[in-house]
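Structure record follows, encoded as C-alpha cells.
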Amino acid sequence: MTPEEEKLTIRDISIAAEAQTKQGDTFYLITQRWWQEWLEYVNQNQANTLNDGSASEHCAGGSSALKRPSSIDNSDLIYEAASGDSSAGIDLHDTLVEGTDYILLPQEVWNQLYEWYRGGPILPRKVINSGLSQTELAVEVYPLRLQLHLMPKDERSTIRISKKETIRQLHKKACEMFSLIPELVCIWDYFNHQKHALMNDMDKMLDDANIQMDQDILVEVANDNSAGGVNSFHENGTADNGTVALVKPSQPNFSNAEGLSLSKGSTRNGTAELSQSQQLASSGTDKTYGSSGVSTRGSACGLTGLLNLGNTCFMNSAIQCLVHTPEFARYFREDYYQEINRQNPLGMVGELALAFGDLLRKLWAPGRTPVAPRPFKAKLARFAPQFSGYNQHDSQELLAFLLDGLHEDLNRVKHKPYIKSKDADGRPDEEVADEYWANHIARNDSIIVDVCQGQYKSTLVCPVCNKVSVTFDPFMYLSLPLQSATSRTMTVTIFTCDGSALPAACTVTVPKQGRCRDLIQALGNSCSLKQNEKLMLAEIRGHLIHRFLEDSLISLSSIKDDDHLAAYKMPKSIKNSKFLQLIHRREEREIGISQSNVGWKPYGTPLVSPICCDDVTTRGDIQLIVHRMLSPMLRTENPGFNCVSRSKTAAAAAANASRLAASSEACVDSSLANDDPRQKDVPSSKLENLEKLPLQLVDENNACIDLTVGEDKSVKLSSSSVSILVFADWSQKLLENYDTRYIENLPEVTKYGPATKKARTEPLSLYSCLEAFLREEPLVPEDMWYCPTCKERRQASKKLDLWRLPEVLVIHLKRFSYSRSMKHKLETFVNFPIHDFDLTKYVANKNNSRRQLYELYALTNHYGGMGSGHYTAHIKLLDENRWYNFDDSHISPINEEDVKSAAAYVLFYRRVKTDHDHSVSNGTVSSAGQQSISSRK
C-alpha cells in the first residue's frame, strides 16, 4: 500500500472504532517514537501542510521519500527484564506519560498496524468506568500489581489484575497460579504482612475493597480435614476450631520494613535496594535507638535522602521536615508502640504511625544511602486514596493529613467522652479558654497535640443585635494569606447587541467580598452605560453561556480567578422578549492522520441579542439580527466576498436595527406596534444585498433549522425557554471576511503574571501576613453565622486572636489560589525571620507574661508552576547548627542567608527557651492543658 492508502485506512478504522468505544474494549499502547515516525511517513506527500514541518525537513536532506518504518518496537516502554511476545510478566515503566511516551490505539487500529508491521511486545489494556459517577471511560494503563503469598508453603508470586475485577476473579486466578483446589482456599487482605481482612465478598470489586498497587495478598490453604473448606473461615478472622486466625499486629521488624524478603533478587519495586550487609546494619542500629536522642555531631545521622518514586517530591519534603522535628525524632526512636491506638475509628489502626516510625528510624540510621519510601507511600495511598498514583500533590495538604492521621493513631484517649461546649456568657476569657482546652485534651491527647497544637480565640459579632459570641478553638498550623487587600480587580469583556461597537475587555476594581451588583455598577461606569441600557452578566465555559448572573446579590467570591465573564449591553425596558444566543462553531479537524473535516466544534464567545415576541419572526429576520451583531467585525476589503461593500452591508443592517428598535419600543408600548412608519419602510427582500450566513436555529424539539433558505418563513420560538440558540458555522472562507479575534480568547477574570519590580523590592513581611490573618472582617456569604438572639443567619464580623502557642509552630503561606479547574501560584517573596520570631504582642492572653520567641529550623519550598513544580526542604541540624538542602535523594549544605527565597511555602518554627521559662510554671499551657512529653509515658 502507498503511504496515503495506509493513512486513509487507519483514519477510517480509527473514526469507526472510537465512536463505539465502551467498557471492556481493548486498547493497545504503542511507543510515541514509532507512532511519530509512522505519521511522518504517511503524511510525507502533504509535508507542506503539516504544522511541524518534519516531513519537509527530511525531504530537504536530499531523499525523495521517507522510508517505511521498521517493525513496531515498544521496548522503550518496558523494563529490560521483560521479554517474550506475551503480555504476561511485562511491566511498564512506572512514570510513562500519554502523548509523550506512548499513545493508545483501539484494537481495530492496532490489529491493522500489527498485520502490516508486526513487532512488539504487545501491550493490551482494558477500558474501564472511572470517575466519581463511574460513567467516564478510561483505559487502565497500569492494572494492579499484587504480591501473592501462599501459606503454609511460603511460596510467592506476582499477578497483574484490573482493579475492576472482583474478589472472585482474584481468587480464581490465585488458585490457577498455585494449582490449588478453590474450595480449600481463602484469600486475605495482607496489608503490612498482617491479616487485615478476610476477602470473602466474592462479588466485590478490588477497587471497592481498597486494594492498592503492589499490595500483599495472603493465599491460605485450609486443612484438608476441614469439612467446611473456605466456609470454615469467618469474616472476623476466626476458624471453626476456635483458634484466632487474625494475627495481632506486633512491633515492626525494621529490617523487613521495605519488604526485603518478599522478592528474591528483585529490584522492581525497591524491594532489594539495600545489600544484605546494609540490611544487617540497619537491623542492628534499630536495637540501639532507645532514648539516645538526636545527636548528629560527628556522625552522618539525619542526612539520609528519600528517593523520588515519580512526582513524590511533595511527600519527601514534608516528611523530612517532620522527621527533623526534634520532639518527633526523639519520640519515634523510643518505645512509642504502647501509645498506638488501634481502636480509634478516626485513625488508621496504627498503621500510619508504624509506617512513619519505620521511615523515621531509617532516615536517622548511620549512613547516607537514600531510602525508597515505597512502604510508607503504599500505606498513605491505602488510607488517603487522593495521594495514590504518581501525580504531583500539595505538600501542605499532605502535611495536614499526616499530622491529623498521626494524632489519631497515637491518641492516648481510647474512649472519647461527649462534652457540650458552653458559650462565654460574660465569663473571663482565661476561664473560658482553659475550659475549652481541657475539653479538647479530654478527647485529643497525643504527641502531636503536645508539640504542634495551639489555641486561638474566635469572636463573632452580629451586625444587627450586636450579640457577641466567643469560642476558643485548637489549631495545628496557621494558614496565612499573602494578599491583605480588601479589593480585587476583575476583567470582563463587554459586547453590544446592536453591533454599535467592537467587543472590549474592561478591568475594574471591586470589593473582594462584594456582590454582582458592585461589579455591574463598576462596569457601567467604566463603559459609560446609558440611562436606558443595562448589562447582562454571563459566565462563559467551553465557548457556551454556562449561566446568566441575574441575581444581583450573588457573591463575587463565587467567581473564580480563572473564570471567563462576558457582559452584554441591552435596552433596559424590554417586555415579552427572548434572547437570541449566537453560538460560533468552526470545522474540527482530526490531528495527526488527516486534515479532513469530522464535525463542528464551538469556539469563540457567544453573542446575545433580544428578540421581541410580539411580532412574527422570520428566518430572514434572524439573518439580519446576526448580520447586525457581526457587522463591526466585517473586514473593510474582502477579495472574493460575494456581497456588497461594508457600507451597504452596514446600511442594510442599520435599517433592520431601526425596525428592531421600533419593535423593542413596541414591547414597552403596544400602541406603537402597528403604525410605526419605520417598520413599513423595510423592504420585503431584506437580504437581497446581504450574503446569507450559514446559520442553524435549534427549535424546541432540538432539531436544527437551516436559516439560509426560506427567508420569509416564520420561526416558531420556543415557549419553554427564554433563550433561542442559533449556530453560526464559520467556514474558512467566511473567516477570511470577518476579524473574529475580537470574540476569541476571552480573558480570565484575574490574570496572574510575574511579580512586579516594586513588589520584589518591597518584600512582604511575615508579620504583615499574620496581621492580615488576625484582622477583623465580615464572613463570606456562604459561611453566614446563626445568631442565637436574632434566630436568623447573619453575615457577622469575625476576629481571630492567638491565645495559646505550641512548642512547634507550623506556618503555611497560602501561595496557591484554588479554582474550579486549576490553581494559581503567587510568587510573592515573604521576608520571614530565621531568628527571634517574636509573637508576644500577638497573643491575646495578657495574663501570660512569657515571651513568645521562635526560631526557624525547617521549611518546604515550591519552585516553578503548578504543572511542572518541584518541592525541596531546607533543614537545620540543630546539634550541628548548620543548614542543609534536602532535594529528594540529594543533600547538600547551604548558607543561612540562602534559606530565604520566594519559593518558601511551609515554615517550621520551634520555641526558643528563655531564662524566664524556668520560673514560669503555666507558660502557654495551663494546668488543665498539656503536661510535659516525658510525663505522658
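- Lys377 and Thr312 form no side-chain donor-acceptor contact under 3.5 Å, judged by distance and modelled atom types alone.
- Side chains of Gln215 and Arg382: a donor-acceptor N/O pair is present below 3.5 angstrom, by distance only.
- Glu587 and Ser731 make their closest contact through OE1-CA, 4.5 Å (heavy atoms, listed as atom of the first residue, atom of the second, distance).
- Here the rule is ring pair (Phe, Tyr, Trp, His ring centres under 6.0 Å) with Tyr117, and of Trp34, Trp35, Trp110 only Trp34 fits it.
- Remark: side-chain polar atoms of His543 are paired, donor with acceptor, to backbone N or O of Gly604 under 3.5 angstrom.
- Taking Arg586 as the reference, nothing meets the salt bridge (charged side-chain N to carboxylate O under 4.0 Å, His left out) condition, with sequence neighbours excluded.
- Nearest heavy atom pair, residue Leu206 against residue Ser162, reads CD1-O, 3.7 Å.
- A salt bridge does not link Lys560 to Asp562: none of the charged nitrogens lies less than 4.0 Å from a carboxylate oxygen.
- Distance alone, capped at 3.5 Å, is enough to place a donor-acceptor pair between the His93 side chain and the Ile78 backbone.
- By the neighbour-count criterion of 12 heavy atoms within 6.0 Å, atom CG of Leu544 is densely surrounded, having more than that number from other residues, nucleotides or ligands.
- For the pair Arg160 and Tyr142, the cation-pi criterion (under 6.0 Å, within 45° of the ring axis) is not fulfilled.
- Contacts of Glu108 classified as salt bridge (charged side-chain N to carboxylate O under 4.0 Å, His left out), with partners at least two apart in sequence or in another chain: none.
- Listed by chain and residue number, nothing satisfies the ring pair (Phe, Tyr, Trp, His ring centres under 6.0 Å) test with Phe376 (two or more places apart in sequence, or in another chain).
- Under the salt bridge (charged side-chain N to carboxylate O under 4.0 Å, His left out) criterion, Asp12 pairs with no residue at all, not counting sequence neighbours.
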- [ ] Apply the test side-chain hydrogen bond (donor to acceptor under 3.5 Å, both in side chains) to residues His870 and Asp887: give CA-CA distance (whole Å), side-chain angles for both, the deciding distance (0.1 Å), then the verdict.
- [x] CA-CA 9 Å; His870 180 61; Asp887 187 355; 2.7 Å; yes
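- Contact annotation: the side chain of Leu218 approaches that of Met151 to within less than 4.5 Å [non-hydrogen atoms, C-beta and beyond].
- No more than 12 heavy atoms of other residues, nucleotides or ligands shown are found within 6.0 angstrom of NZ on Lys172.
- Under a 4.0 Å N-O distance rule, the pair Lys7/Glu4 qualifies as a salt bridge.
- The side-chain heavy atoms of Pro373 and Leu309, taken from C-beta on, include a pair separated by under 4.5 Å.
- A side-chain donor-acceptor contact under 3.5 Å links Asp729 and Gln696.
- Listed by chain and number, the residues in a salt bridge (charged side-chain N to carboxylate O under 4.0 Å, His left out) with Asp25 are Lys22 (sequence neighbours excluded).
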- [ ] May I have the step-by-step check of side chain to side chain contact (heavy atoms under 4.5 Å, CB included) for Val371 and Leu307, ending in yes or no?
- [x] CA-CA 6 Å; Val371 173; Leu307 291 175; over 6 Å; no
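- The OG1 atom of Thr9 lies 4.5 Å from the CH2 atom of Trp116; values are rounded to the nearest 0.5 Å.
- Applying the ring pair (Phe, Tyr, Trp, His ring centres under 6.0 Å) rule to Tyr41 yields no partners; only residues at least two apart in sequence or on another chain are considered.
- Under the 3.5 Å distance criterion, the side-chain polar atoms of Asn74 are matched with a main-chain donor or acceptor of Pro121.
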Task: Check against side chain to side chain contact (heavy atoms under 4.5 Å, CB included), His171 and Val185 - done: CA-CA 8 Å; His171 182 274; Val185 175; 3.8 Å; yes
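- Considering only heavy atoms from C-beta on, Tyr190 stays 4.5 Å or farther from Met199 through its side chain.
- In the model, Glu6 has a side-chain atom that pairs as donor or acceptor with a side-chain atom of Trp38 under 3.5 Å.
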TODO: Test side chain to side chain contact (heavy atoms under 4.5 Å, CB included) on Thr740 and Trp730 and set out the steps.
DONE: CA-CA 10 Å; Thr740 58; Trp730 291 87; 3.9 Å; yes
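- A donor-acceptor contact under 3.5 angstrom links the side chains of Asn129 and Gln23, judged on distance only.
- Inter-residue side-chain proximity for Trp188 and Val219 is flagged as unmet; no heavy-atom pair is nearer than 4.5 Å.
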Open item on the list: Does Ile10 form a side chain to side chain contact (heavy atoms under 4.5 Å, CB included) with Gln112? I'd like the steps, not just the answer.
Closed with: CA-CA 8 Å; Ile10 294 299; Gln112 185 60 71; 3.9 Å; yes
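- Side-chain atoms of Gln392 and Cys313, non-hydrogen and from C-beta on, do get closer than 4.5 Å to each other.
- Across all their heavy atoms, Leu735 and Tyr603 have their closest contact at CD2-OH, 3.3 Å.
- Formation of a donor-acceptor pair under 3.5 Å by the Glu5 side chain with backbone atoms of Thr2 is found in this model.
- Interatomic distance, Gln147 CD to Ile159 CD1, rounded to the nearest 0.5 Å: 11.0 Å.
- Residues Ile583 and Gln581 have side chains in contact (heavy-atom distance under 4.5 Å, counting atoms from C-beta outward).
- Here the CD-CG distance, from Glu165 to Leu144, works out to 10.0 Å after rounding to the nearest 0.5 Å.
- The backbone N or O of Pro694 sits nowhere less than 3.5 Å from a side-chain atom of Thr708 that would complete a donor-acceptor pair.
- Side-chain contact annotation: His862 with Asp394, donor-acceptor N/O pair under 3.5 Å absent.
- For the pair Lys163/Glu140, a side-chain contact is recorded, criterion being any heavy-atom separation below 4.5 Å from C-beta on.
- Of the inter-residue distances, the one linking Leu8 atom CG with Met1 atom CE reads 8.0 Å to the nearest 0.5 angstrom.
- Residue Ser157 comes nearest to Met177 through the heavy atom pair OG-SD, 3.0 Å, listed as atom of the first residue, atom of the second, then distance.
- The two residues Gly119 and Tyr114 come nearest to each other via the heavy atoms O-CE1, 3.1 Å.
- Between the side chains of Thr31 and Asp76, at least one donor N or O lies within less than 3.5 Å of an accepting N or O.
- Taken from CG in Leu170 to CG in Leu146, the straight-line distance is 6.0 Å, to the nearest 0.5 Å.
- Rounding to the nearest 0.5 Å places CZ of Arg125 at 10.5 Å from OG1 of Thr26.
- Looking at Arg541 and Glu539, a side-chain N of the basic residue comes within less than 4.0 Å of a carboxylate O on the acidic one, giving a salt bridge.
- Side-chain contact check for Met315 versus Leu380: some heavy-atom pair is nearer than 4.5 Å.
- Across all non-hydrogen atoms, the minimal contact from Asp203 to Thr166 is O-CG2, 3.8 Å.
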